[in-house]
Amino acid sequence: MARIRFDFGLLTLDATLIDSPTAAAVLEALPIMASVLIWGDEVYFEVPVRAPREADARAIVTPGEIAYWPEGPAIAIGFGRTPISQDGEIRLAAPCNLFARADGDVQGLAAVKPGTRVLVRRID
């Protein structure tokens, strides 16, 4: 499957798309430049993508799962607790479509500050 890169300036994160309608919609919209927002240990940013919530959308994710929030519309990358997390889980604000998996460790996202510009582009 296709691979993408999130370039936060001082930090990059590569990811592999999964086979889903949302992944296809994100790929079609690339490249995307956005300004990062932070919610607990979650980096998210608005994107020019329109995709409905998929049947398997979920709010609880594991480190490395990259999600699309239809109501945003935004890409959300959780790497730890958010304000609504319980018992050590990573809980996003609402059910999201999982569309990619990070190829590396997402813990470095803790260094990303609100307002940081991110460029998302295809790399393969």
Side-chain angles (χ1 to χ4, degrees):
M1 197 64 197
R3 294 181 63 233
I4 60 175
R5 174 167 291 152
F6 297 87
D7 186 342
F8 297 95
L10 298 175
L11 165 73
T12 61
L13 178 68
D14 293 348
T16 301
L17 299 181
I18 61 173
D19 186 14
S20 74
T22 298
V26 170
L27 194 59
E28 180 71 22
L30 297 180
I32 296 169
M33 177 70 84
S35 183
V36 170
L37 298 165
I38 305 293
W39 189 55
D41 287 342
E42 175 189 317
V43 169
Y44 71 102
F45 50 92
E46 290 186 23
V47 292
V49 174
R50 298 291 180 263
R53 182 177 290 159
E54 295 176 7
D56 60 350
R58 55 190 164 90
I60 299 173
V61 297
T62 61
E65 291 181 321
I66 300 174
Y68 168 79
W69 178 35
E71 289 83 3
I75 289 176
I77 309 171
F79 57 92
R81 292 183 56 81
T82 67
I84 61 171
S85 292
Q86 301 173 13
D87 301 323
E89 69 190 9
I90 301 172
R91 183 181 295 264
L92 306 178
C96 294
N97 302 339
L98 302 181
F99 75 92
R101 178 92 187 146
D103 296 337
D105 186 5
V106 294
Q107 296 305 313
L109 294 174
V112 175
K113 303 296 182 209
T116 298
R117 300 293 289 171
V118 60
L119 171 65
V120 186
R121 64 183 177 84
R122 186 175 182 149
I123 57 170
D124 62 350

Spacing of CD1 belonging to Ile123 relative to OG1 belonging to Thr12, to within rounding of 0.5 Å: 8.5 Å
If hydrophobic residues (ILVMFWY) are linked whenever their side-chain heavy atoms come closer than 4.5 Å, directly or via other members, who joins Leu37 in its cluster? Trp39, Tyr44, Ile84
Tell me if the CG atom of Asp19 is crowded by more than 12 foreign heavy atoms within 6.0 Å. no
Nearest-0.5 Å distance, CZ of residue Arg81 to CD of residue Glu89: 7.5 Å
Report the distance from atom CZ of Arg53 to atom CZ of Arg58, rounding to the nearest 0.5 Å. 13.5 Å
Given 3.5 Å as the limit, does a donor-acceptor pair link the side chain of Tyr68 with the main chain of Val49, or not? yes
Side-chain heavy atoms of Ile90 within contact of Asp41, under 4.5 Å: no
Inspect the surroundings of CD in Glu28 and state if more than 12 heavy atoms from other residues, nucleotides or ligands are less than 6.0 Å away. no
First locate atom CG of Asp7, then atom OG1 of Thr116, and finally report the distance between them rounded to the nearest 0.5 Å. 11.0 Å
Consider side chain to side chain contact (heavy atoms under 4.5 Å, CB included). Of Leu30, Ile32, Val120, Val26, which one does Val47 pass it with? Ile32
State the CG-CD distance between Asn97 and Glu54, to the nearest 0.5 angstrom. 4.0 Å
Sequence neighbours left out, what passes salt bridge (charged side-chain N to carboxylate O under 4.0 Å, His left out) with Arg101? Give chain and number order. none
